[in-house]
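The structure appears right after this line, and notes come after that.
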Amino acid sequence: VSTLGGTVTDFTNDQLFGTDGWYVLGQGRDAYDAAVEAAGDNADSVDPAQYGPYVPGITTAVHDALVAGGTEDGGLVDSLVCDGIVAGIGAIMGFVPQMFLLFVMLSFLEDCGYMARVAFIMDRVFRRFGLSGKSFIPMLVSSGCGVPGVMATKTIENEKDRRMTVMTTTFIPCGAKLPVIALVMGALIGDAESTWIAPLFYFLGVVAVIVSGIMLKKTKLFAGRPTPFVMELPSYHMPSARSWALHVWERVSAYVKKAFTIIFASTIVVWFLSNFGLFNGAFGYLPAMEGIPEEFTDHSLLASLAGLLAWIFAPLGFDSWQATAMSITGLVAKENVMATAASLLHLGNATETDPSLWAAFAALFPSAGAIAAFGAFNLLCAPCFAAMGTIRAQMNSAKWTAVALGYECGFAWVVGLMINQFYLAAQGVFSIWTVVAVLFALAILFQLFRPMPRGAWDDDTAERLTPAGASA
């Protein structure tokens, strides 16, 4: 998934929908790269079509067609189509290859009988922090996309276990969160060799599931007698091609449907908020206004909206409107965090692996603790709008949906607060927020280690975990 899917994704982002274009069968690429290197500062003047069968990227082709048709270069229509519509489609298609490969493999493991056995084995482990072994499958599916992961909770019969699984399963980093991890890792260590930063952020989600499960099980909302684990264990078999294809199609189509509705629409909204605003008392399309500075996004609607909310994140160490705007667009779709960063930092089509984006992103934060807090908040807070809609459908209750999303955002904020404040305390910097972070840490430890409240279960014999069982 990482190697093959990443290769196809890079081609989609850089060549197909980017400005790089590509050479048919690679013919001419080496000669073109040598010419660009020799041209130095005049690299933009090198015509790639002179060195082989060259196919321009879709963004470049659409831009050239609009300009040839009389559209103003860089004008409102050109920007809307290229930076809004085409960029939105490119953001969607870039993730499809990895999602497809991931769901192909997960569906095979489910259909061959392997997943049922893993769920049975994991039941004893999951019971220790308040969840059922059946919660394992939704969480594993959520590593690809939160939407089918939340949908998979419908197989959990116990209502409390199902609701708790819905609340915690999106803590698992999905494919859309991986660029956020890469961006934060690059900002923290740059090109330095490190093999533990990225896994640390990834397993932060796993720890969040365990901690949340233990704490929530000791509250009145979720306390209750564990139900016996009963699941049919089918014999190992090669899944039929038809059922395998149907399962892959259902999950990939759910992701694409989410993408072409939520992500595409959000890209247009972010483009509008970033390009329209007030300047010298007039409202309009900022790039076309007379006297507007090159970095016009400071005057945009997005900057105004993010500025109003920036105080919420000040204790976490990032109170700039740019960092706040990334968090806001991340609630729409996690893919938007990296895309918004590249847009607001004026780096065009830079990706999460671009050192220039790492440096510009790191400059928004006062310390490494604030960068880590930003990453923790955006990885643990409420998922994308599509997953929120799925949570609403599975909860079948506006109240429980609000409880789930409120808990996720609150938990993410507390984790980010502790990371930043404890980092500052280690540097000898203390404030009232340091005290607040310590109080939150003590409250979490108390909830984790206190005994199960008396009367939380139906009878005294329920104080022992019900042993797992299965029917063959």
Side-chain angles (χ1 to χ4, degrees), residues 2 95 98-99 102 138-147 149-150 165-189 194 196-213 263 312-313 315-318 323-341 351-353 357-358 361-362 364-365 368-388 391 404-423 440 444:
S2 177
F95 286 96
Q98 294 194 55
M99 295 298 102
L102 183 64
M139 291 181 182
L140 185 60
V141 174
S142 291
S143 64
C145 179
V147 173
V150 174
T165 304
V166 170
M167 288 180 62
T168 57
T169 192
T170 54
F171 283 146
I172 301 296
C174 64
K177 293 179 181 179
L178 298 185
V180 180
I181 295 176
L183 178 63
V184 171
M185 177 180 173
L188 285 173
I189 64 173
S194 177
W196 61 272
I197 296 291
L200 181 66
F201 277 104
Y202 191 90
F203 286 106
L204 176 65
V206 178
V207 174
V209 171
I210 296 174
V211 171
S212 296
I263 300 175
I312 298 175
F313 302 104
L316 279 63
F318 54 98
T324 304
M326 295 176 207
S327 299
I328 293 173
T329 58
L331 289 175
V332 179
K334 297 304 178 183
E335 299 93 330
N336 285 344
V337 173
M338 195 281 298
T340 302
T351 66
E352 67 275 9
T353 59
L357 181 59
W358 297 344
F361 177 77
L364 296 175
F365 301 88
I371 298 175
F374 174 89
F377 177 82
N378 283 279
L379 292 175
L380 298 178
C381 71
C384 64
F385 279 2
M388 292 183 197
I391 290 174
L405 300 180
Y407 175 78
E408 290 173 343
C409 290
F411 185 81
W413 189 88
V414 169
V415 172
L417 174 72
M418 291 190 296
I419 290 175
N420 183 55
Q421 294 301 323
F422 292 161
Y423 176 86
F440 272 124
I444 291 174

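- Between Cys409 and Phe377 the shortest heavy-atom distance is O-CE1, 4.0 Å.
- Between Thr168 and Tyr407, the side chains place no donor N or O within less than 3.5 Å of an acceptor N or O (distance only, hydrogens not considered).
- Between Met326 and Asn378, every side-chain heavy-atom pair lies at or beyond the 4.5 Å cut-off.
- Taken from CG in Leu183 to CD1 in Ile371, the straight-line distance is 9.0 Å, to the nearest 0.5 Å.
- At least one side-chain heavy atom of Met418 sits under 4.5 Å from a side-chain heavy atom of Ile444.
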Exercise. Walk me through it: do Ile312 and Trp413 pass the test side-chain contact (heavy atoms from CB on, under 4.5 Å)?
Key: CA-CA 9 Å; Ile312 298 175; Trp413 189 88; 4.0 Å; yes
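- Among all heavy-atom pairs drawn from Met167 and Ala404, the shortest one is CG-CB, 3.5 Å.
- Every residue two or more places apart in sequence or in another chain that forms a side chain to side chain contact (heavy atoms under 4.5 Å, CB included) with Ala368 is listed here: Leu188, Tyr423.
- Atoms CZ and CG, on Phe374 and Asn420 in that order, are 13.0 Å from each other to the nearest 0.5 Å.
- When all heavy atoms of Ala376 and Leu204 are compared, the closest pair comes out as CB-CD2, 3.7 Å.
- Rounded to the nearest 0.5 Å, atoms CD1 (Ile391) and OG1 (Thr169) are 9.0 Å apart.
- In this structure, CG on Leu364 lies 11.0 Å from CZ on Phe318, to the nearest 0.5 angstrom.
- Between Thr170 atom OG1 and Met388 atom CE the span is 9.0 Å, to the nearest 0.5 Å.
- Residue Ile419 comes nearest to Ala373 through the heavy atom pair CG2-N, 4.0 Å, listed as atom of the first residue, atom of the second, then distance.
- When all heavy atoms are compared, the tightest approach of Pro173 to Ile181 is CB-CD1, 4.5 Å.
- The shortest non-hydrogen separation linking Gly317 to Ala370 is O-CB, 3.5 Å.
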Practice problem: Given side-chain contact (heavy atoms from CB on, under 4.5 Å), test Phe171 with Glu408 step by step and report yes or no. | Solution: CA-CA 8 Å; Phe171 283 146; Glu408 290 173 343; 4.1 Å; yes
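- Expressed to the nearest 0.5 Å, how far CZ of Phe411 lies from SG of Cys381 amounts to 12.5 Å.
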